[in-house]
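So that the names make sense, note that chain A is the first sequence line, chain B the second, and so on, each numbered from 1. Keep in mind that the numbers below use all heavy atoms, side chains included, and drop hydrogens, waters and symmetry copies.
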Amino acid sequence: MTKVSMRINGEQVNADVDGAQLLAYFLRDKLNLTGTHIGCDTSQCGACVVHLNGRAVKSCTMLAAQADGADITTIEGIQKNGELHPVQRAFQQHHALQCGFCTPGMIMAAVDIIENTNDLDEHSVREQLEGNICRCTGYQNIIAAILSAAKEMRG
Amino acid sequence: MSNTGIGARIERTEDKRFITGNGRYTDDINLPGQVYASFVRSPHAHAKVTGIDAKDALALKGVVKVFTGKDMEADGLGGLICGWTVTSKDGEPMKVGGHPSLAPERVRYVGDCVAVVIGESREAARLGAEAVAVSYEELDAVVEPAQAQNQNAPKVHEDIDKNLCFHWELGDKEATDAAFDKAAHVTHLDIVNNRLIPNAIEPRAALGDYNPGSGDYTLYTTSQNPHVERLVLSAFVGVAPEHKLRVISPDVGGGFGSKIFVYAEETVCLWAAGKIQRPVKWTAERSESFLSDAHGRDHVTRAELALDGDGRFLALRAHTVANLGAYLSTFSSSVPTYLYGTLLSGQYDIAAIHVEVEGVYTHTAPVDAYRGAGRPEATFVVERLVERAARETNKDPAELRKKNFVTKFPHQTPVILNYDTGDYNACIDRASEMIDYKSFDKRRKEAQAKGKLRGIGFSTYIEACGLAPSNAVGSLGAGVGLWESAEVRVNPTGNVEVLTGAHSHGQGHETSFAQLVSDRLTIPIEDITIVHGDTASVQFGMGTYGSRSAAVGMSAIDGALDKVITKAKRIAAHILEVQPDDIELADAAFRIKGTNKFIPWGELALNAYTAHKFSTSEIEPGLKETAFYDPTNFTFPAGCHICELEVDPQTGCVEIVDYVAVDDFGTIINPMIVEGQVHGGVLQGIGQALLENGVYDVETGQLVTGSYMDYTMPRAHDAPPLRLDFTNTPAPSNPLGVKGCGEAGAIAAPAAVLNALTSAIGHENISMPATPAKVWRAIQT
Ligand code: FES
Ligand code: FES
């Protein structure tokens, strides 16, 4: 067991973790933050994306112990004062989700893409979503949602 | 149309929980005292199990228990079943190989479960599974149906000769052969429909629970049809009687068919929960999903189309070998037979059709329904044949289709189905206009100037959905009726709960079903809740697949709403002292027609329960009604998809530059949701055409494409922007006129893409998935 302490969705968390436990399982099993999903075992589907110190990471690719000292945001933590994040709103408005399983990872990836790319266009969004698989939507409405949220976030 | 009623493009009510991380999927549920299951799976495609030694596993910290097939046998548990009996052309019923949940003495595909290890944690269970020593005597395996049919091929089930499950036929062979004899032209086609691995992004999962006090079992699982799951687990496997078993299928992250079936893992978790009297949980790792989710498609077909001198289709014949995998899955026998052969008439008037299908066992994962189920395979055969016939006879592919379209309804095909309505010309004309078919040659020349090969391909598909009249499917071998049930509960405060036997795993039923209720009861959509996925609340249901939930599920709701409205009007009539016929329901009030005397909806609901103002000897108190709805026919969604693409001859890379889809789904409840279904379906079809392939090594029987590194899932940059439109000939077989929209994209797209690709490269013989390497090679030859 390793002692870790990190900020998760703005709250301090101190815990003992098994040295082999992945961050994704730590969030889900230990902290009951089940919005972060696990869709694969090869780090390819992106259902598990969270923000670590402000950047998108796949929480299935790192150990919980490696997140010691980090500031983590999950899908449960991106609403501000009870208001949906613009990307969340855009996903609903554009019907960018069907079964919802890829959705938390998609939204977390999308926020990162919007915040860290200049000159976002359809092509660049499609390229940057390489690491997120959706089996339901055909991506068309996901792309539309991300572009629309980007516009709103940039005013 | 009210602003939330039928036809309204409203946002989905279920989205809120999914976008905030509050969805509740099976793996999100944990019970006190829960332990975890990990399965010991066969590493061999075919072997005898000569011994299982669990000593080392049991010695590990945290390992609770190890069970094998023998333990299940000792408890008298039955195997998994196939619910559709197909009869061979010689009158013999299909040959069914036994399918134990845990294989006691023989394993038949890589991933077949041999034992289960129960551990205090996921890790303990997994380490325990690794420590179970299974001795195998390896045997030869066969993964290709063609080889499996050899007399001396290894047998998947010892007593089944040539691995032949059934040799089925449909249609009139003599009439078909006679028509071919008269043909002016015959087009031949040898075609493979590649094996697909469904890959819903939520892996399958199960959590079994047992209450020793009451003897009640509960199973939380990723199922598209919880009631059918319960029926199979109690009536056939015998884990618990139906009234002692509750199946809950909470939020489910996509199914596409793969979560219809009753699998070994949930069966074992439920049974083991009873054995050790603790909740048992299992969640598939993706590699397990690849190995053990039922796969789709996998047909090899030879087909021919006979034309007269004018280009009229005279007859079609096809011979298909369908790979069924090692065991029959829940509905697998119906897919390459009644869901396939019946669709071989396409949108065309063809007088004679004959099809033979051999269903063959191999040492591969079971094959069953995957989005479209049989209908994509049929459409691929018909639409590739027609396109090729047009090329061979120098006819315009659109004109050749139009010449042969069915235009009069009802139309009885030679392969069972009776098309009740449609307008196929409307779809092809609109799609041609959208893609500007007339100017295609200009675009082809422009592409040529850039060094690109440009092609265009049509796919005018039809499907039979809304499965379907119970007596009809019963006569074809189905073990279940395919009606749907619904219950509408009006609460005393006027809000409404609707219980449906359909199940939503992405389709947005909580919204579209509520739209129907809002429309009919004229109450706000916020006052309506749709309840599904729990056998303890919904009385019975057949679940969601085959694009049936709008046509059958909503029709059942509509029936229950009729009864609610009728009763409510009787109560209103009593209170207002008029006849029920004098009452109308509008704007959330029961009003005496032509007057301004009314009772608001909420007041009526309260009165129904207080029962103060009417005679309960005449009218029972309360306001709750149930309906079972059995459709009078299948529904026949149809449409025209056109794909335009460019090939880079240097690299073989294919870029879809335009794709239009014009679909006739009858009445549309929520256009936004329907468009989403088409988007997703088309991309799965494009995935099949260009990217996806489930491959087994012929020598070893190992699954070569067992992860996202080897199996090419369509990503965002693989998806072309789609342009959609709809036509509407309302389905006459249900009160709403809806036909179903869930599978059309996956059915139509592969033929559209391959027709476009072969048109671009001028080479007919290219198989799916048409990867750049294959395309490049084809161009070189
Ligand atoms: S679960 Fe992390 S990428 Fe799939
Ligand atoms: S919405 Fe189902 S996987 Fe994306």
Any side-chain heavy atom of [X] sitting closer than 4.5 Å to one from [Y]?
X	Y	answer
A/Arg135	B/Met713	yes
A/Phe101	B/Pro203	yes
B/Tyr708	A/Ser43	no
B/Arg286	A/Thr42	no

Let's test your reading of the structure: which of [options] forms the most heavy-atom pairs below 4.5 Å with chain A?
options	result
B/Glu692, B/His505, B/Glu123, B/Arg17	B/Glu692
B/Gly681, B/Pro714, B/Gly508	B/Pro714
B/Ser289, B/Pro721, B/Gly254, B/Gly23	B/Pro721
B/Lys16, B/Glu285, B/Met672	B/Met672
B/Asp27, B/Ile686, B/Val678, B/Asn22	B/Asp27
B/Ile673, B/Asp718, B/Asn30, B/Ile10	B/Ile673

_Strictly distance-based, threshold 3.5 Å: is any side-chain N or O of B/Arg12 a donor or acceptor partner for the main-chain N or O of A/Gln98?_
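Yes, the answer is positive, given that a donor and an acceptor are paired below the 3.5 Å cut-off.
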
As an exercise: rank [options] by heavy-atom pairs under 4.5 Å with chain B and give me the winner.
options	value
A/Leu97, A/Asn141, A/Ile78, A/Asp29	A/Leu97
A/His95, A/Glu122, A/His85, A/His123	A/His95
A/Gly35, A/Gly100, A/Cys102, A/Cys99	A/Cys99
A/Gln21, A/Glu130, A/Glu127	A/Glu130
A/Ile133, A/Leu129, A/Ile143, A/Thr137	A/Ile133
A/Ile75, A/Thr36, A/Leu33, A/Asp41	A/Asp41

*Atom pair CE/CD1 of A/Met106 and B/Ile201 - distance to nearest 0.5 Å*: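 Rounded to the nearest 0.5 Å, the CE-CD1 separation comes to 8.0 Å.
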
_Separation of B/Arg715 CZ from A/Cys45 SG (nearest 0.5 Å)_ =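 Rounded to the nearest 0.5 Å, the SG-CZ separation comes to 9.0 Å.
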
Minimum heavy-atom distance [X]-[Y], with the two atoms named:
X	Y	result
A/Gln44	B/Met709	OE1-N, 3.1 Å
A/Pro104	B/Phe18	CG-O, 4.2 Å
B/Thr20	A/Gln88	CA-NE2, 3.7 Å
A/Cys136	B/Phe256	SG-CZ, 3.7 Å

What part of [X] gets closer than 4.5 Å to chain A, counting heavy atoms only: side chain, backbone, both or neither?
X	value
B/Glu14	neither
B/Phe290	neither
B/Arg122	side chain
B/Ile19	both
B/Asp251	neither
B/Asn199	both
B/Val252	backbone
B/Tyr25	side chain

*Salt bridge between B/Asp28 and A/Arg28, side-chain N to carboxylate O under 4.0 Å?*
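Salt bridge: yes.
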
Measure distances from [X] to the heavy atoms of chain B and classify the residue's part below 4.5 Å as side chain, backbone, both or neither.
X	value
A/Gln128	neither
A/Thr103	side chain
A/Glu76	both

*Considering residues, nucleotides and ligands other than B/Arg24, do more than 12 of their heavy atoms fall under 6.0 Å from its CZ?*
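No, CZ of B/Arg24 has 12 or fewer neighbouring heavy atoms, counting only those of other groups under 6.0 Å.
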
_Looking at A/Glu83, I'd like to know if its CD atom is crowded, meaning that more than 12 non-hydrogen atoms belonging to other residues, nucleotides or ligands lie closer than 6.0 Å._
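Open: at most 12 neighbouring heavy atoms sit under 6.0 Å from CD of A/Glu83.
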
